[in-house]
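Working notes, beginning with the structure itself.
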Amino acid sequence: MAQRKAELIQSRLDKLQRIRSRGVNPYPARYLCSHTTQEAITLYRESRVEGSGIPEQIVSRAKRLQTLKLAGRITAMRSMGKAIFLDIRDGSGKVQAYLQRDAIGEEKYSLLQDFDIGDFIGVEGELFETRAGEITVKVSDFTMLSKSLQPLPEKWHGLADVEKRYRQRYLDLLSNEQVRRTFEVRSQAISAMRRFLEKRGFIEVETPVLQSLAAGALARPFATHHHALDSDLYLRIATELHLKRLIIGGFDRVYEIGRIFRNEGISTKHNPEFTTLESYQAYADYHDVMEMVEQMVSFIAKEVLGTMRISFGELTVDLSPPWQRLTLREAIKEGSGVDFEAFPDARSLEAEIRKTGLRVEEGMSWGKLVDYLLSHTVEPNLIQPTFLMDYPVKLSPLAKRKPGCDHLVERFEAFAGGMEIANAFSELNDPLEQRERFEEQERVRALFGDEEAERIDEDFLLALEHGMPPTGGLGVGVDRLVMLLTGHQSIREVILFPQLRTVPG
RNA sequence: GGGCCGGUAGCUCAGUGGAAGAGCACCGGACUUUUAAUCCGGGUGUCGUGGGUUCGAGUCCCACCCGGCUCACCA
């Protein structure tokens, strides 16, 4: 440990020892607060509001004379010798405390010498207003609630070191108000999402994270091992197939908000574990789901931010429904000039893409080529919320074919702020066709060495053979939705503890 | 994995091959309405790590570690 830091900690350890030697417990179990700091300030302000019927002076006097008990972390200390000002912060806000030696008593007052910025304190007293107009507790008694041994980041600039912000997020939350705000928005957005779905009759369920086969999406799973069962298990890469089993079991509207895990690259848009919402609605198709997505996302924005028009970088994204609807074919034709339907095999499509000047790796499957066109020539430009509809069947092994267009499926993806935020389709419920689609994916995997293709989930096929109603399914990237709502370009800014390399020691 | 950028005091950051700095925090002192309190005194350091070049390296070179951005992959 650096010498300087050791000294800072030693100084606090010495204070801790002095506190103990006075017979004071520096880590008591509880402190009964009468108010949060925010409530206290509101109380004082309201006592000044006129027109309550009661003479203002009496209301004011009664409320001001009330003794309050507040608690929080000391974030600043301004000592005046025989008096000291503290800033005390709790989860609701901040209040100033004023401690005078003569009001507290010399012996108790001297205890303050062993308090540091970062310690927790409980204060008891009446509210008053300082000369500068700040509502302040005039402290008659105080209690040490917790001694901190480590120095906090500097008050003015906060914590800027990005690595430290992620590794010690608690310091980031303490130092940077807007970081705290981002995670409040995240929490409120998920809460609003639940309210929306519950109002529509969906029930929340939980399905296994540990699975013997990681299916339901195209991704590489994390592998682990169960010792008692002596079997290899995988962390789920999607919740899809289990939720459909529940539709088969008669829950007509289900959803799960949960963590899924993909063993792939880490970037500003990808964390190995991330949160999805998946919902399934019996007797609905992808048009119904589209309507639900635009209603849900705009509802969440309105609930959490109070507006459907949100800032994203220098742009404004207007989430008010209805959202623009385009077919995938139209969008890609417009973005790249390539009509993928005119090139039904991988090699001719690859050649056509090369003609436009885009550089693609050799040997990509047809599906990957279309996906490449989408993510490179279309997605970055979809700033305003947009649905792209009708995807090639080759890209969508779990979606139902579009009547009259055998090569397309009833699928859409929703984009906003240049990101994909939702993926949905009319679910394939024909068990024989589902088996063929899985087998086709296996063939693609063998042919292209494509490790991410679906595996055949026999247990799911068995369930499907018992009959699944027509169903509209949806997946929403919750982290990306929060990025959109908070205007962040990096997923690490909306995940409290993003994955970082483990530092030895 | 490739490219670019960064890592100096607890925090935020300066630092031109020639004596390691500032502000905040901290320590000591003064101060009973301060609020980025103020005033006086104190610099507390593995310059990410390890090599190399040089009379001399925080600074130049090489390798490595960690992070950021970006490309590839992906949602």
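Chain naming here is simple, since letters A, B, ... match the order of the sequence lines and numbering starts at 1 in each.
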Under 3.5 Å donor-acceptor pair, Arg131(A) side-chain atoms to U33(B) base atoms: no
Please tell me which of the listed nucleotides, C69(B), G10(B), C26(B), lies nearest to the side chain of Glu154(A)? G10(B)
Among U12(B), U33(B), U35(B), which nucleotide sits nearest the side chain of Glu134(A)? U35(B)
Using a 4.0 Å heavy-atom cut-off, does Leu500(A) contact any base of the nucleic acid, only the sugar-phosphate backbone, or nothing at all? sugar-phosphate
Pair partner, C4(B) [Watson-Crick or wobble, under 3.5 Å]: G68(B)
Does G67(B) have OP1 or OP2 sitting under 4.0 Å from an N or O in the side chain of Arg501(A)? yes
Please tell me which of the listed nucleotides, U35(B), C69(B), G10(B), lies nearest to the side chain of Lys164(A)? G10(B)
Within this structure, what is the CD1-to-P distance between Ile9(A) and A25(B), rounded to whole angstrom? 19 Å
So, for Pro385(A) and Val317(A), which heavy atoms are closest and what is the spacing to 0.1 Å? CD-CG1, 3.8 Å
Does Phe142(A) have Lys108(A) sitting over its ring (NZ/CZ under 6.0 Å from centre, angle to axis within 45°)? yes
Given U34(B), C26(B), C24(B), identify the nucleotide with an atom nearest to the side chain of Ser11(A). C26(B)
From the options U33(B), A37(B), U12(B), select the nucleotide whose nearest atom is closest to the side chain of Asp161(A). U12(B)
Return no unless some side-chain N or O of His376(A) is found under 4.0 Å from OP1 or OP2 of A72(B). yes
Atom P, compared across A57(B) and C61(B): separation rounded to whole Å: 15 Å
Choose from G68(B), U34(B), U12(B) the nucleotide whose nearest atom is closest to any side-chain atom of Gln96(A). U34(B)
Would you measure the distance from the P atom in A75(B) across to the matching atom in C5(B) and give it in whole Å? 32 Å
Identify the residue among Ile88(A), Leu145(A), Leu70(A) that makes a side-chain contact (heavy atoms from CB on, under 4.5 Å) with Ile121(A). Ile88(A)
So, does the side chain of Thr130(A) form a donor-acceptor pair with the base of U35(B) at under 3.5 Å? yes
To the nearest Å, how far apart are Trp156(A) CH2 and A37(B) P? 9 Å
Looking at Thr136(A), I'd like to know whether one of its side-chain N or O atoms comes within less than 4.0 Å of OP1 or OP2 on U34(B). no
Can you tell me which nucleotide in G67(B), U33(B), C26(B) comes closest to the side chain of Lys138(A)? U33(B)
Provide, to the nearest angstrom, the distance between the CD atom belonging to Glu177(A) and the C1' atom belonging to A36(B). 17 Å
Please tell me if Ser267(A) has a side-chain N or O lying less than 4.0 Å from either OP1 or OP2 of A72(B). no
Please determine whether a side-chain nitrogen or oxygen atom of Arg262(A) lies at a distance below 4.0 Å from atom OP1 or OP2 of C73(B). no
Look through every strand shown and name the nucleotide pairing with C11(B) as Watson-Crick or G-U wobble, where both distances are under 3.5 Å. G23(B)
Quote, to the nearest angstrom, the P distance that separates C47(B) from G21(B). 14 Å
Phosphate-side-chain proximity, Lys155(A) and A25(B), N/O vs OP1/OP2 below 4.0 Å: yes
Is the backbone of Arg492(A) close enough, under 3.5 Å, to the side chain of Asn271(A) for a donor and an acceptor to pair up by distance? no
Phosphate contact (A37(B) OP1 or OP2) by Arg78(A) side-chain N/O below 4.0 Å: yes
For Lys269(A) and C71(B), what is the distance between atoms NZ and C1' respectively, to the nearest whole Å? 13 Å
Proximity to the side chain of Ile117(A) - top-ranked nucleotide from U33(B), G67(B), A25(B): A25(B)
Just how far, in rounded Å, is P of A30(B) from CD1 of Ile84(A)? 14 Å
Within this structure, what is the CG-to-C1' distance between Leu398(A) and A75(B), rounded to whole angstrom? 15 Å
What is the distance from CZ of Phe412(A) to C1' of A75(B), rounded to the nearest Å? 15 Å
Distance in angstrom units between Leu8(A) CG and C24(B) P, rounded: 16 Å
When you check the phosphate oxygens OP1 and OP2 of A75(B), does a side-chain N or O of Arg480(A) lie under 4.0 Å from one of them? no
Kindly indicate whether the side chain of Arg329(A), heavy atoms from C-beta on, has any atom under 4.5 Å from the side chain of Asp390(A). no
Measuring to OP1 and OP2 of C69(B), would you say a side-chain N or O of Arg492(A) lies under 4.0 angstrom away? yes
For U53(B), give its Watson-Crick or G-U wobble partner with both distances under 3.5 Å, or none. none
Tell me whether the OP1 or OP2 atom of U33(B) has a side-chain N or O from Lys82(A) closer than 4.0 Å. no
